[in-house]
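Here's the structure we're looking at; comments come further down.
The shown structure was predicted, so the numbers you read here are calculated from the model rather than taken from an experiment.
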Amino acid sequence: QMQLVESGGGLVQAGGSLGLSCTASGRTSSLYAMAWFRQAPGKEREYVAAIKWSGASTYYVNSVEGRFTVSRDIAKITAYLQMNNLKPEDTATYYCAATEFSIIFSRASAYTFWGQGTQVTVSS
């Protein structure tokens with residue numbers, strides 16, 4: 001099993017920045033990719049970004065391209081999501097996810113491991 005622990009998040013004004021971290025532990029030797037999803041009240045869980053663990057290729061949903069940056073630290077087994085120029089519509093609970101397999105990164109059901117979620121609130 002793999003455990004994911006998130007940190008970061010909070011309350012910020014529109015235009016501000018926040019950073020999220022997601023640290024993996026347990027069975028991490030076969031980690032293939034990590035991703036960030038978010039879920040606003042009453043809405044479905046939405047893909048935000050993903051990063052391949054080997055090579056660090058990154059992928060983003062169009063709505064965050066140019067504002068969010070996903071990165072990873074191999075030694076710390078941690079993925080990061082730096083969020084800049086935040087908008088009220090970015091308000092959601094953010095979840096990190098991990099997979100040991102090559103998958104369609106935007107598909108939430110394809111991920112095996114999930115963090116507990118952390119709240120991000122952007123005020124207008």
Side-chain angles (χ1 to χ4, degrees):
Q1 290 294 319
M2 188 186 306
Q3 295 78 43
L4 303 177
V5 177
E6 300 159 3
S7 60
L11 173 65
V12 66
Q13 289 187 332
S17 299
L18 281 175
L20 306 180
S21 301
C22 177
T23 300
S25 61
R27 191 180 76 198
T28 61
S29 59
S30 299
L31 182 58
Y32 182 80
M34 294 182 74
W36 292 94
F37 287 77
R38 64 187 180 186
Q39 189 166 19
K43 295 188 177 181
E44 292 187 355
R45 191 164 296 192
E46 175 191 29
Y47 163 75
V48 175
I51 183 166
K52 284 186 178 179
W53 208 247
S54 176
S57 297
T58 57
Y59 310 87
Y60 300 92
V61 68
N62 287 343
S63 61
V64 307
E65 185 86 49
R67 299 189 297 123
F68 290 12
T69 302
V70 61
S71 61
R72 57 94 170 101
D73 184 321
I74 292 178
K76 296 181 179 179
I77 323 178
T78 298
Y80 303 95
L81 185 68
Q82 178 62 37
M83 304 179 290
N84 298 327
N85 191 21
L86 282 160
K87 304 176 181 180
E89 52 264 42
D90 295 318
T91 295
T93 300
Y94 283 69
Y95 298 88
C96 69
T99 180
E100 299 172 309
F101 306 104
S102 175
I103 60 171
I104 298 175
F105 291 143
S106 60
R107 187 173 296 173
S109 60
Y111 290 85
T112 308
F113 307 104
W114 289 87
Q116 78 283 2
T118 186
Q119 180 67 35
V120 172
T121 303
V122 185
S123 62
S124 57

**Step-by-step side-chain hydrogen bond (donor to acceptor under 3.5 Å, both in side chains) determination, Thr78 to Thr23** = CA-CA 4 Å; Thr78 298; Thr23 300; 2.9 Å; yes
**Message:** Does Met2 form a side-chain contact (heavy atoms from CB on, under 4.5 Å) with Thr112? I'd like the steps, not just the answer.
**Reply:** CA-CA 9 Å; Met2 188 186 306; Thr112 308; over 6 Å; no
**Message:** Under the criterion side-chain contact (heavy atoms from CB on, under 4.5 Å), I'd like the reasoning laid out for Leu20 against Tyr95: C-alpha separation, chi angles, the key distance, then a yes or no.
**Reply:** CA-CA 10 Å; Leu20 306 180; Tyr95 298 88; over 6 Å; no
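In terms of heavy-atom proximity, Gly9 sits nearest to Val120 at CA-CG2, 4.0 Å. Across every non-hydrogen atom of Ser124 and Ala14, the tightest pair is CA-CB, 4.4 Å. The heavy-atom pair separating Cys96 from Glu6 by the smallest distance is N-OE2, 2.6 Å. For the residue pair Met34 and Cys22, the shortest heavy atom distance occurs at CE-SG, 3.5 Å. Here the shortest heavy-atom pairing between Leu18 and Gly10 reads CD1-O, 3.8 Å. For Ser17 against Asn84, the heavy-atom pair with the smallest separation is OG-OD1, 2.9 Å.
Distance alone, capped at 3.5 Å, places no donor-acceptor pair between the Ser30 side chain and the Glu100 backbone. A donor-acceptor distance shorter than 3.5 angstrom exists from the side chain of Thr91 to the backbone of Pro88, with no hydrogens or angles considered.
Atom CD of Gln1 and atom CZ of Phe113 lie 5.0 Å apart (nearest 0.5 Å). Note: Phe68 CZ to Thr58 OG1 = 14.0 Å, rounded to the nearest 0.5 Å. Taken from OG1 in Thr28 to CD in Gln3, the straight-line distance is 10.0 Å, to the nearest 0.5 Å.
Connection of Leu4 to Ile74 is established within a shared hydrophobic cluster, with ILVMFWY side chains joined at heavy-atom distances below 4.5 Å, either directly or through further cluster members. Grouping the Ile, Leu, Val, Met, Phe, Trp and Tyr side chains by contacts below 4.5 angstrom, directly or via other members, places Tyr59 apart from Tyr80.
Counting heavy atoms from C-beta outward, Glu89 and Val122 have side chains that stay 4.5 Å or more apart. At least one side-chain heavy atom of Tyr60 sits under 4.5 Å from a side-chain heavy atom of Thr69.
Annotation: Glu65, atom CD; neighbour count of heavy atoms from other residues, nucleotides and ligands within 6.0 Å is above 12.
Residue pairs meeting the salt bridge (Lys or Arg N to Asp or Glu O under 4.0 Å) criterion with at least one member in residues 33-44, sequence neighbours excluded: Arg38-Glu46, Arg38-Asp90. Identified under the ring pair (Phe, Tyr, Trp, His ring centres under 6.0 Å) test for residues 17-53, with sequence neighbours left out: Phe37-Tyr47, Phe37-Tyr111, Phe37-Trp114.
Under the ring pair (Phe, Tyr, Trp, His ring centres under 6.0 Å) criterion, Tyr94 pairs with no residue at all, not counting sequence neighbours.
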